[in-house]
Protein chains: 2
Amino acid sequence: MKGIRQLAEHLDISIGTVSRALNGKPDVNEETRRRVLAAAEELGYVANQSGRSLRQGETKVIGLMIESSKETVENADNFFLGVTSGLQSVFARHKLDLVMLPCPSDEDPHEYLKRMVARRIVDAMIISDTQRVDRRIDFLSRAKIPFVALGRSLSAANFPWIDLDFEGVADHAVERLTARGHRRIAITAPSSEANLGYLFVESYRRALERHDIAFDPALVIHVKSSEQGGYQAAHELLLLEERPTAVILIYELMAIGLYRRLMESGVMPGRDLAVIGFRDAPRARFLQPSLTCFRISLYDLGVDLGRMLLANMPAYRDFYPGGERNIIWPLELMPGESDAFDVGAMV
Amino acid sequence: MKGIRQLAEHLDISIGTVSRALNGKPDVNEETRRRVLAAAEELGYVANQSGRSLRQGETKVIGLMIESSKETVENADNFFLGVTSGLQSVFARHKLDLVMLPCPSDEDPHEYLKRMVARRIVDAMIISDTQRVDRRIDFLSRAKIPFVALGRSLSAANFPWIDLDFEGVADHAVERLTARGHRRIAITAPSSEANLGYLFVESYRRALERHDIAFDPALVIHVKSSEQGGYQAAHELLLLEERPTAVILIYELMAIGLYRRLMESGVMPGRDLAVIGFRDAPRARFLQPSLTCFRISLYDLGVDLGRMLLANMPAYRDFYPGGERNIIWPLELMPGESDAFDVGAMV
DNA sequence: ACGCACTCCGTAAACGTTTACGAATGTATG
DNA sequence: CATACATTCGTAAACGTTTACGGAGTGCGT
């Protein structure tokens, strides 16, 4: 099957009518439409996207940009695939397709993004891993490309984003730990410029203050968010003169390395040191001891992300009226054994 | 910047010449080419892909199709992102872009694939998670769409693929275990129709035979390839009347759940049961005990995958002469503590 | 002076689709 | 019966790019 022209000839109908029939336009006889659809099905005709895009100026494809930097590869998890499912469930209703755009590690994310939209590969963008100042946001806003960000940023005053409820997580974690007598609570943070790490530590600092605990910079351990980083974090933790009794991890798989290093020194997580993890963790409960962890409903997050994006696209705006422009996404605590350590008993 | 026409007017040059200049065609004055490139850079002109694709009949985009089924999400790892880096390093040389196409879990992979190529979103495809009989391979061959498969299949006699060296892995693992006196060696396998699981078990069976060990179907544990599945596998393992002394895991993260379940019953992995894992595992060494595991160089695998694909595309064939059509990819053993259990001492 | 080859560039057609416009037909209205 | 309107369809232009073709200019050998 070549194109719409062959289909039209086969039906002995003009090409324009065939197009209207396929696209559900009103001014076409229902009988004709039936015949066209049947023939298209039979001959396996699918519209050439290039021709359509050229004419309409839109590709019907949404891009989800992801980093494929070395560190991302190392700590890769189900995060994006989970979100993807939710996104697709929304996009499918509008015959929009989703492609994931992995930015090569040796290319500047900003340049990569520009190239993708300039080539008209996608109509709209979902960006993630937002930096504290992120030129991509500037660019997309200025170029009036519809987009949503997974993560806040300082780069623009008002743009659509969904971010995680760091404040709630930190508060919940600190509350839970102080209730068990903990006063020296460490935290891990990435060394990158990702806004996530910054917000995470800031929320932690404020949560401490609310519980009348002085913030000690020495308790912020800057390591990579991977098993390797967890190992390193435990190592640095054990070297501190006044050793903390609890630690909050920014990424749940870090617990693997952390546990390992602790046990090498005879320190038992959950008994000698309380550990709380962050982000999605169906696997957390299989660790030994099982990890107390905050989890995210990735699918639902994807759904909201998709809706928010479409609400910002003129062609689909009407389907999603009155949506918020920003969402702070709540996380749910999954209690485990890793924070069972009760300091109160020792005091 | 609208299009090439505006660029041409701005330079007071014909549109055809501008196009030739940009595309490196020979019949254009070097001075003119310099001016054009400078102006394009200055005005931020990038060719509209839709127009170009329509004219040339190709999109310059390669698709990497991945499953986003529930199970894939659960055990998602760095696999695809790791391969992606290698792929992009090859594609970049030819100004080809890579997009990842996540097949929605509620859509038939075959239909999804057909839709993507029919819409001309990509020129060529890399498919993964091949099934024992996989209609996608049939379709792509027949439609003469260039493609490479990550994984063998029975669906076509001769198509380009790269697959893992299951035979080598199984042989190496069984060899290593029997050298330490093990005779009852269990293995985990997925319950799906994925060819990977089938080949994995078959290789294991043949490796046993080569070492004069009878194949016992009861020792093939069908569980999901996730932490949860590992937990389940350990559970079933402990119920066997004649308990095996070793187990081979098809996916390294299963070790987390497996360890947990074993310890719950007081069985110490590495001391009471030897464990060997499979597939990439920078994280394996942080488990407690560290996991003996076979690792893959994902980047290099991606490079070969990319080369093999381009060798099958007429436009790029000349750059990659004489490449093999099929590659069995070797894996490297990373020794750990999990298989230290020596049965010989007990006999 | 002529023909020839070579370099460089402009012209226009083509890719497959959507859509504004108007034509043709049928039907209701005055 | 003339007019108005609704329904259905065909015609042709347009989207932005590449490229076959040919033309203009230049240099060279005869």
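Residue numbers begin at 1 in each chain, while the letters A, B, ... track the order of the sequences.
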Query - Within-4.5 Å side-chain heavy-atom neighbours: B:Phe147 and B:Leu113 - result: no
Query raised in the report: With sugar-phosphate meaning primed atoms plus P, OP1 and OP2, does A:Thr32 contact a base, only sugar-phosphate, or nothing at under 4.0 Å between heavy atoms?
Result: sugar-phosphate
Using distance only, find each side-chain donor-acceptor pair of residues 154-162 of chain B under 3.5 Å and give its atom names and separation, not counting sequence neighbours.
unit_1: B:Ser155; atom_1: OG; unit_2: B:Asp134; atom_2: N; d: 2.5
unit_1: B:Ser155; atom_1: OG; unit_2: B:Asp134; atom_2: O; d: 3.1
unit_1: B:Asn158; atom_1: OD1; unit_2: B:Arg325; atom_2: NE; d: 3.0
unit_1: B:Trp161; atom_1: NE1; unit_2: B:Asn326; atom_2: OD1; d: 3.2

**Report entry** Short side-chain to backbone donor-acceptor contact, A:Asn48 and A:Ser50, under 3.5 Å
**Finding:** yes
Requested in this report: Using atom CG of A:Asn29 as one end and atom C1' of C:dG26 as the other, report the distance to the nearest whole Å.
Outcome: 13 Å
Report task. Give a yes or no on whether B:His110 atom NE2 has more than 12 heavy-atom contacts from other residues, nucleotides or ligands under 6.0 Å away. Result -> yes
Query - A:Asp97 and A:Val99, any side-chain heavy atoms less than 4.5 Å apart - result: no
Query raised in the report: What is the 5' to 3' range of DNA chain D, first to last nucleotide, that sits under 4.0 Å from any heavy atom of chain A?
Result: D:dT8 to D:dG16
Query raised in the report: For the helix from C:dA1-D:dT30 to C:dG30-D:dC1, what angle lies between the axis at the first five pairs and the axis at the last five pairs, to 10 degrees?
Result: 60°
Report task. Measure the spacing between CG of B:Leu140 and CE of B:Met65 and express it to the nearest 0.5 Å. Result -> 9.5 Å
Donor-acceptor list for residues 34-42 of chain A side chains, cut-off 3.5 Å, not counting sequence neighbours:
unit_1: A:Arg34; atom_1: NE; unit_2: A:Glu31; atom_2: OE1; d: 3.4
unit_1: A:Arg34; atom_1: NH2; unit_2: A:Glu31; atom_2: OE2; d: 3.1
unit_1: A:Arg35; atom_1: NH2; unit_2: A:Leu11; atom_2: O; d: 3.1

Report summary line: salt bridge (charged side-chain N to carboxylate O under 4.0 Å, His left out) pairs touching residues 53-62 of chain B, sequence neighbours excluded, are B:Glu58-B:Lys60
Query raised in the report: Would you say A:Arg115's side chain and B:Val46's backbone share a donor-acceptor pair under 3.5 angstrom?
Result: no
Query raised in the report: Listed in order of residue number, which residues of residues 17-24 of chain A have a non-hydrogen atom at under 4.0 Å from DNA chain D?
Result: A:Thr17, A:Arg20
Report task. Look at all strands and tell whether B:Ile15 reaches a base, only sugar-phosphate, or nothing, counting heavy atoms closer than 4.0 Å. Result -> base
Query raised in the report: How is A:Asp27 classified with respect to the nucleic acid when contacts are heavy atoms under 4.0 Å: base, sugar-phosphate, or nothing?
Result: base
Query raised in the report: Is it true that a side-chain atom of B:Arg317 and a backbone atom of B:Ala311 form a donor plus acceptor pair closer than 3.5 Å?
Result: yes
